[in-house]
Amino acid sequence: MKRTFILIFLLFLFLMTGNNLQAQTVKQSGTIEKYSYQTHTIVSGESLSLIAKRYNVSVDELNALNPALKNGFKTGMVIRIPVKTSKQSVLKTTIHQAVSGESTYSIAKKYGISSYELIKANPELAGGLKSGMILIIPGKKQVQTGAKQSLANPALKTKETLVTPSGSAKLKQTAPVPAEKSKQPLTAYPNVKPSYSDPNAIHVGIFLPFYLNQNEKVSQPPLKKSVDNSAESLKKSKGDKTQAKQIVERKDSKLNSRSINFLHFYEGLILAADSFAQAGLKLELSVFDTQGDANIASTLLKNEDFSKLDLIIGPVYDEEQVHFSAFSQQHKIPIVSPLSSSTPTLETNPYLFQINPDKDFILEQTGDCIVGNSKGNNVIVLLTPGYQKNDEHQLQAYCHSKLYGSRNYHEFIIGKKNDALRKLISLDRENIFVIPSTNEAIVNRMISAITPLAETYPVTSWGMPSIAKFTSIPVRTLHSLRLNYLSPYFVDRKSDEVKNFIALYESTYHTAPNQYSYQGYDIGCYFFEALKRNGKDFYKHIRNFKTSLLQSDYQFKQVKHGGGFMNKSLFNLEYGPDSEIEKKEIF
């Protein structure tokens with residue numbers, strides 16, 4: 001499905017709430033004493049707590065309104081459900097018991113709902129679908145007069161404020177939100193400050209280069225519904241509150257290519273925030289488009305209101321990071337470098353968390369793996385003429401320092417006499433070829449030299465993570481060479497958790513998640529959980545903190561005394577002969 005331009009910058013999505021846990025059957029309604037009620041017929045597999053959950057009431061309320069429950073809870077029994085007297089849209093729901101062979105997707109399809117709706121109505125699906133699980137199937141809304149549930153689903157305690165260059169507050173949401181929530185203002189740069197409507201909430205500032213101004217310059221097809229967003233129109237209206245309620249959709253819109261991955265990251269982050277908000281965590285997010293401009297970053301931080309933030313996520317580029325890192329250190333605010341692998345202030349800011357391990361760390365760990373697997377095997381480091389001046393020299397030098405002098409260690413320069421390579425290969429030992437370069441052209445030359453050998457000799461290869469991204473190298477070739485590399489990321493698409501995330505992401509954004517989507521989700525889950533457990537000072541307890549993530553396994557270590565924290569968790573991934581990528585070890 002094609003994404004809309006507006007959906008891409010969906011800044012209020014996780015404010016959406018729905019009364020999705022309501023009556024399965026409403027046979028009649030009435031009033032007993034101070035209660036208004038509707039009736040429900042107990043079916044096989046239900047429990048009193050499940051019914052209370054579905055109708056968003058307490059077990060005590062059900063017992064108070066149904067004295068007969070003291071004599072037992074029986075299938076076919078009709079009980080009263082307390083509600084308040086007013087007009088409300090009611091969702092008619094169904095019960096489904098999962099059986100072996102079903103999936104979240106197949107159940108959702110069976111009842112004509114999305115996987116997102118099913119997961120939202122049954123949060124326990126986040127742990128995977130299990131046979132025998134009792135699920136609530138939300139139905140279509142039906143208007144009923146004189147009935148309203150006594151305890152409505154609590155509105156998510158989350159808020160976002162998008163701060164953009166002046167004039168770019170034209171973006172509107174494409175999904176419905178509660179009326180009282182749709183009044184969130186779109187604030188224009190430079191009159192900015194984060195939103196603090198709830199002093200008890202956790203306040204998070206998100207600073208990403210969305211390049212909204214660049215996207216506005218891309219030619220757009222006609223609007224499905226036009227809205228006058230001129231300054232004069234805003235003055236005449238009731239302000240942003242009125243404008244924010246309107247839904248504008250652009251079909252077949254083009255995006256600035258620089259925006260896409262940051263958008264994916266943001267979408268994953270919002271899904272994480274939504275899940276924590278549904279679990280009761282009060283979050284207020286303030287979102288800012290930095291445009292990758294250090295001057296904008298510097299100007300933003302002149303507002304002292306940012307000193308009240310509990311967490312800063314972003315920005316992305318080094319020039320911006322310098323300003324934000326100094327600010328976080330001054331005000332003792334934890335700050336996350338979400339995408340860079342070389343944050344300039346990592347060694348000087350004890351409040352900084354770098355998600356991506358740096359290249360030197362990955363290279364050293366790769367060298368250790370090669371050395372660890374060298375015993376009893378034949379190691380051949382592939383090089384090119386002039387390798388001392390290229391990046392391949394780094395891994396070569398590390399292997400040379402550890403293995404040089406061994407009869408089973410060789411260094412071979414790829415050239416005209418590639419046939420000489422056969423003289424170094426062993427028939428009775430595993431031949432470990434080291435591909436030390438990150439240059440695609442050079443890597444191609446090395447792989448071309450050893451691929452024919454894999455048909456006859458036992459071959460394993462080791463390289464840097466960039467090899468997996470080279471589009472010019474067929475995947476089947478990597479499998480034939482049994483390529484190994486270390487990476488901080490691995491998505492197990494067979495796991496229920498990943499399947500549920502994909503279903504939720506696709507139903508929400510109408511596109512498939514990419515690595516940045518998982519990155520945003522994992523960062524949100526990790527740091528929101530850390531804040532939930534230990535508050536703003538969670539960095540003091542980071543050594544003992546652990547939580548389950550989708551594509552990562554964060555293990556933060558302080559790089560030096562007085563410095564920040566870098567994630568040092570890596571997966572050993574191998575392209576196996578069965579066309580699968582296997583996660584062999586965690587370092």
Side-chain angles (χ1 to χ4, degrees), residues 201-208 265 268-269 272-273 275-277 279-285 306-316 321-322 324-362 364-365 486-490 497 518-571 585-587:
I202 292 173
H203 302 103
V204 180
I206 302 170
F207 301 85
L208 295 172
F265 175 90
L269 182 65
S275 66
F276 274 82
L281 184 66
K282 295 181 180 180
L283 283 170
E284 289 191 351
L285 308 184
F306 284 102
S307 63
K308 302 174 185 177
L309 289 172
D310 297 301
L311 178 69
I312 295 172
I313 298 177
V316 173
Q321 274 281 354
V322 171
F324 275 83
S325 182
F327 185 86
S328 83
Q329 195 165 357
Q330 177 185 355
H331 297 285
K332 299 181 179 180
I333 304 172
I335 180 172
V336 179
S337 177
L339 300 171
S340 175
S341 59
S342 59
T343 311
T345 59
L346 181 61
E347 294 191 349
T348 58
N349 184 357
Y351 306 99
L352 192 148
F353 290 81
Q354 181 176 299
I355 300 298
N356 291 337
D358 63 37
K359 181 181 177 181
D360 288 342
F361 176 75
I362 295 177
E364 182 178 327
Q365 296 299 309
L486 300 185
S487 173
Y489 312 115
F490 175 71
E497 291 79 4
Y518 291 104
Q519 181 89 319
Y521 186 82
D522 279 356
I523 286 176
C525 288
Y526 185 90
F527 288 97
F528 296 155
E529 180 66 27
L531 286 163
K532 177 183 176 182
R533 291 191 199 177
N534 300 304
K536 190 175 180 179
D537 294 337
F538 66 83
Y539 57 89
K540 297 178 181 179
H541 312 277
I542 207 68
R543 289 184 179 180
N544 302 318
F545 178 70
K546 196 77 173 173
T547 190
S548 177
L549 304 174
L550 289 181
Q551 73 164 1
S552 305
D553 180 37
Y554 296 154
Q555 295 178 21
F556 288 101
K557 302 291 177 62
Q558 197 167 18
V559 295
K560 60 180 291 188
H561 181 70
F565 298 82
M566 183 174 74
N567 171 33
K568 293 191 175 183
S569 172
L570 295 172
F571 302 119
E585 300 175 59
I586 297 178
F587 293 87

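Everything numeric in this text was worked out from a predicted model, so none of it was measured.
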Note: F565 and I542 closest approach over all heavy atoms is CE2-CG2, 3.6 Å
Taking all atoms of both residues into account, what is the closest heavy-atom pair of L281 and F528, and its distance?
CD2-O, 4.0 Å
Do the side chains of V559 and Q354 get nearer than 4.5 Å, heavy atoms only?
no
Please confirm whether the backbone N or O of Q555 pairs with a side-chain atom of N567, one donor and one acceptor, at under 3.5 Å?
yes
Considering all heavy atoms, the nearest P315-P338 contact:
O-CD, 3.6 Å
Other residues, nucleotides and ligands only: do more than 12 of their heavy atoms fall within 6.0 Å of NZ on K332?
no
Show your working on side chain to side chain donor-acceptor pair (under 3.5 Å) between S328 and N349 and close with a plain yes or no.
CA-CA 8 Å; S328 83; N349 184 357; 2.9 Å; yes
Would you please name every residue forming a ring-ring contact (aromatic ring centres under 6.0 Å, His included) with Y526, sequence neighbours left out?
F545, Y554, F556
How far apart are the closest heavy atoms of L352 and S325, and which atoms are they?
CD1-OG, 3.8 Å
Least distance between heavy atoms, D522 atom then L550 atom:
OD1-N, 2.8 Å
How far does NZ of K557 sit from CZ of R543, to the nearest 0.5 angstrom?
8.5 Å
Pairwise side chain to side chain donor-acceptor pair (under 3.5 Å) hits with a residue in residues 530-539, at least two apart
E529-R533
